[in-house]
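The sequence lines fix the lettering, A, B, ..., with proteins before strands; numbering per chain opens at 1. These values consider heavy atoms only, across backbone and side chains, with no hydrogens, waters or symmetry-generated copies.
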Protein chains: 6
Amino acid sequence: MKYNRAFNRSCTQLRNFEIIRNFTSQAVGSVFIKAGDTYVLCTATIVENVPDFMKKQKDCGWVTAEYSMLPAATHIRSNRESVYGKQTGRSHEIQRFIGRSIRSMFDLSLLGSRTIHFDCDVIQADGGTRCASITGACIAAFDAVSYLIDNGFINKNPIFNYIAAVSVGKVGDKLLLDMDYTEDCNCDVDMNVVMDAKGRFVEIQATGEKSLFSMNDMNDMIVLAQEGISKLINLQKECFS
Amino acid sequence: MKYNRAFNRSCTQLRNFEIIRNFTSQAVGSVFIKAGDTYVLCTATIVENVPDFMKKQKDCGWVTAEYSMLPAATHIRSNRESVYGKQTGRSHEIQRFIGRSIRSMFDLSLLGSRTIHFDCDVIQADGGTRCASITGACIAAFDAVSYLIDNGFINKNPIFNYIAAVSVGKVGDKLLLDMDYTEDCNCDVDMNVVMDAKGRFVEIQATGEKSLFSMNDMNDMIVLAQEGISKLINLQKECFS
Amino acid sequence: MKYNRAFNRSCTQLRNFEIIRNFTSQAVGSVFIKAGDTYVLCTATIVENVPDFMKKQKDCGWVTAEYSMLPAATHIRSNRESVYGKQTGRSHEIQRFIGRSIRSMFDLSLLGSRTIHFDCDVIQADGGTRCASITGACIAAFDAVSYLIDNGFINKNPIFNYIAAVSVGKVGDKLLLDMDYTEDCNCDVDMNVVMDAKGRFVEIQATGEKSLFSMNDMNDMIVLAQEGISKLINLQKECFS
Amino acid sequence: MKYNRAFNRSCTQLRNFEIIRNFTSQAVGSVFIKAGDTYVLCTATIVENVPDFMKKQKDCGWVTAEYSMLPAATHIRSNRESVYGKQTGRSHEIQRFIGRSIRSMFDLSLLGSRTIHFDCDVIQADGGTRCASITGACIAAFDAVSYLIDNGFINKNPIFNYIAAVSVGKVGDKLLLDMDYTEDCNCDVDMNVVMDAKGRFVEIQATGEKSLFSMNDMNDMIVLAQEGISKLINLQKECFS
Amino acid sequence: MKYNRAFNRSCTQLRNFEIIRNFTSQAVGSVFIKAGDTYVLCTATIVENVPDFMKKQKDCGWVTAEYSMLPAATHIRSNRESVYGKQTGRSHEIQRFIGRSIRSMFDLSLLGSRTIHFDCDVIQADGGTRCASITGACIAAFDAVSYLIDNGFINKNPIFNYIAAVSVGKVGDKLLLDMDYTEDCNCDVDMNVVMDAKGRFVEIQATGEKSLFSMNDMNDMIVLAQEGISKLINLQKECFS
Amino acid sequence: MKYNRAFNRSCTQLRNFEIIRNFTSQAVGSVFIKAGDTYVLCTATIVENVPDFMKKQKDCGWVTAEYSMLPAATHIRSNRESVYGKQTGRSHEIQRFIGRSIRSMFDLSLLGSRTIHFDCDVIQADGGTRCASITGACIAAFDAVSYLIDNGFINKNPIFNYIAAVSVGKVGDKLLLDMDYTEDCNCDVDMNVVMDAKGRFVEIQATGEKSLFSMNDMNDMIVLAQEGISKLINLQKECFS
């Protein structure tokens, strides 16, 4: 039995992705990524400073992320977090997830005593915003590092490899790759996977809030995620060719 | 004596403007406006509700604006207002300015008991962000009203006319139209003007923090602003042709 | 046709002003100003420190303002901003306006590495609070500077000249000088003007939220403002005679 | 051995008090009280509403207080609480103390379903601000109640009696009535007493942070407070004669 | 090669667990859980209300969690979140994790229009606080539901099954079950697993911030987690025997 | 006429007290105190730093307290202060009261340039939480000081004596020692007393919000408090025997 997806997509098919480098010119990395109707602007900016907890590790850098949605990013306008006075718990959770993932790309001891900030601002949200943020921020990371090397701030490349992220969901007995918002709301199990180019895991988060899941479910979902991520990393590599 | 402006611009010349309608699809109005290196996303969203202070005026609507800069919009990364816990005084001042200007376009009694929110998010800042916000939000306002009319929510058009905004500065004895960030930092007198298509004023704000100015200065600056605004309103009209 | 104003005031007449210097004794400048039923306490205090963004300019000082209304200042009690947890957008906008205006009086390079804080606390509000704040703070500025000179902290007077502020409104085809709260609520165009003793502009803010206005309107309003400000500066000078 | 007090005051002497009723005209009670160099504006405003926790008690009113110091009230400028984003613990403690005291004057069941807000704003602080607040707010309470009776909102007077407050301190083996700021900083034991016209207690707070104290100390301090409060209540009564 | 763990624990051994029901008497569920030196108080309280987003689903309940650490829970005192003015991102992330997990135990449609709050307050932290919170809150959930059934608020038991949580870490090529704080800081891969009594997954979160990991790693870690959770669920069941 | 108290307590009888030292192991002082159904965890932690206002007094330490209730401490769940965004006025008032009391135990000049933080977290509240906090924190203070002496951080004991606190209430013409929550809600006069082992006062706070009280009332209440405190200090001393 076929699951009907928007735009006639098959269950194992990614949405249309578009990755625009240098969307703005003042940030050292600035990537506008479209995953279907999900649009995220991922910028990298450098501050010549590290947080207090990193200061004891001499010459070591730091990498961190912030995530936010514009109020009009969703069908129903959401409150602006700065007006409300604080970030939502959801934003906190997501930006910590993005931060850990992007940090895994780096050998911080090669970065020097500086911080790269990754700002992932969701311009329009149709599901999968945290995954698009990571996939886009990875490109911005490469551009930020090129800037540091080209301008003589660092000598050795602190980045190991490409990473990308994708969601997989289970609805009934169907698995869906790269869910949009409607699919995400209706799925029984929801998994976000971050991997590198060699298929190694950076992060896995799977939640069965509506329905528990078995080891087999998980293995099937991971296989599907792996295929999607492999395609996304190819798209990333094309940005630099 | 000629004043050297970036890109060989003359003192009375606008920057290159680009206005993209329907930049996103979920907001009823969504305009991406570029004024040189200043990029602002202006969205209009509708909430079927009005603030408490408008509730006593039956069937009357409300129009309001919020303004914010993305952290990476400027050369030096600024703090995210939601992380800091509140909007800056500058954001407050600017969004009140935008709100008053856009509100002047509307006959609120024809809008019904609903609020149109204009969110002006600065994607990149190179001076003139409040003016670009108003010029862009004007287009989003037309699109929001078309949505309301096309879907039968209202019968009569509550919008009177086009409005647009531009800055004029005085440096020494030179007047500069549509200043970029560097010019803005160095000018003696700074004026922001909002006008309609007939050259009538919506708002004027002029400040001589570094150097007082005379009635003649002001008249000259207004004449220059008028020319710029007239060109901007032509650009706006082309969006709908 | 005559416009009926409270207390039989003519359209071009200021309210009764009273300016009390040294209202309190601990602040180096402390001015209680009454503009009809609008009462504002304007104090100047000195802190031997400048904000971070001024630290690179050696020996240069800073001037800043804060504005707030007491909860019982208005007919309907307003929330205390400290209980609500933040200043309103209106307070932000007004204190930035006051700060720019008072700053224009000073040659900051003659002030030494210190900050003068101007606190404008509205004890009772009946329209024109931002203008009364500026007119009162100007006197407090003179007193603060005298303190600095008399105690040998600075040698040269960093203040150029007197400044004062007044509002002008347009209701139908009538112009009103120095509006009270009721007039302010009902006017079509609202202008606040800050000028020095020689009739030069410090700030102009004019807003036609309810009705657009022409260049002629503006010129007429400015002439009326000029007359009012000239009288206010005479009142200021009498304080020191 | 005599203790040297400012202005040659004896140990058992109050400072000069001045109580000005109707200092402003928009609040139903508005009392400016001077206790030496301590100035407090105490206003009473009425809101036709009660807090949620009082809603189950039908037709019962509420009385509450807020306390704040203007930034320039003290010799060293203090931060504005609304800019800092919250009230200090000291303000919280004091306004709760004032609120309980003023509430004790009222039979809330005779007030109807409304709240009287007492705002005590310290214009200048030289010790004893919480006591001056209570002594002044008591007068504002009488004026607020007169307003309610005169306008037919209530029929029976909900106020029982006058109350006033004073501080007593112990320095070495000396007792000081009505301490100013310098005395307050240097005393070993600090007591604030609120009493009614018949010498009954409303509140006692005594603290021996620097030095413990005996039952005898306390009794002596209370006797001294009683004398001071009796004089203050006479001053209050003169306001209405 | 053996890995040296505190208290001579083997790599696959849980810490000593102690679960005390009814630790306090006012909450309907109150469980004090000790996992080695990690102590968490998990309480369940019932509010006869649901959040706005659940109101459209008639008679449906809600389950939510809050998590916080006491300032002295860690070796170095941490700031109290209420003094700082907001919860940390870490607290947000963890309480969302706990909330989703406990929610998975419930058929919300059988709960009636009420909310069960699970408050997980860490009395002492030595690693694994989020897992101990879930394991303890599961017991509190049973007690809360018994209260609802025993008092006739609901008829059918809305809880499906027991759940428990445990951490597994990878250090070099060693896997460690139920890590303490020191182990958690030093591990390469960190996984938190929530399962039910039948070995089905509720949540998996695995992060390789310091070192990526393979599918084999993950499978081995899950097997180890499964053994631990099975023992924890036996401990839970003993609480009711 | 006898007053009926829970558990058949007489009017002059304390509740059952239990004091557990070393409840947790990471804080240098950790006391769990039970006063009937009121449970408070009082911890002492040391930070090698003093607040700014103490920095000018060389080698002088500081002692401070924070107080909070867990959300489920009361019969009706209260909001978590960190979620609400700030501490309540009640928490502020109480923690200042605790801080002053514990500070009176210390000769701060013997503490060295460090701060001892006393965190009083109410695990369950049934009246008298501030008094139980002080009685428990006193024990934690002794343990913190022993730690400092035993580890050679200080040479001389900075603590003078034991202190303890108890409440006394007046209901009609009855006096009640150590009130529980129900008694506290219904009493006419409420007094909290802090004393040392020799019967000297540290703090007295008495409030007659519902009914004024005489000097005789106060004396009787103090005598009763003295008896209770004397017993509590015996319990404290037993902790160390």
May I ask you to name which of M195(E), R90(E), M105(E), Q226(E) has the most heavy-atom pairs under 4.5 Å with chain A?
R90(E)

Heavy-atom pair count under 4.5 Å with chain E, highest-scoring of E203(A), R96(A), Q87(A):
R96(A)

Side chains of M215(E) and N219(A): does their closest heavy-atom pair fall under 4.5 Å?
yes

Heavy-atom count check: over 12 atoms from other residues, nucleotides or ligands less than 6.0 Å from Y84(E) OH?
no

Could you grab the distance from atom NZ of K86(A) to atom NE2 of H92(E), nearest 0.5 Å is fine?
6.5 Å

Okay, I222(E) and chain A: the region with an atom under 4.5 Å from a heavy atom over there is side chain

Measure the shortest side-chain to side-chain distance between L212(A) and I163(E) over non-hydrogen atoms and say whether it is less than 4.5 angstrom.
no

From E93(A) atom CD to E93(E) atom CD, the distance as rounded to the nearest 0.5 Å:
6.0 Å

Heavy-atom closest pair, residues S104(E) and G208(A)
CB-O, 4.1 Å

Would you mind checking which part of T207(A) comes under 4.5 Å of any heavy atom in chain E, side chain (CB onward), backbone (N, CA, C, O), both or neither?
both

Heavy-atom pair with the smallest gap, counting every atom of F213(E) and V202(A):
CE2-O, 3.9 Å

Starting at OG of S214(A), measure out to NZ of K198(E) and round the result to the nearest 0.5 Å.
13.0 Å

Contacting region of M218(E) [heavy-atom separation from chain A under 4.5 Å]:
side chain

Given a strict heavy-atom distance threshold of 4.5 Å, which part of N192(A) is in contact with chain E: side chain, backbone, both, or neither?
neither

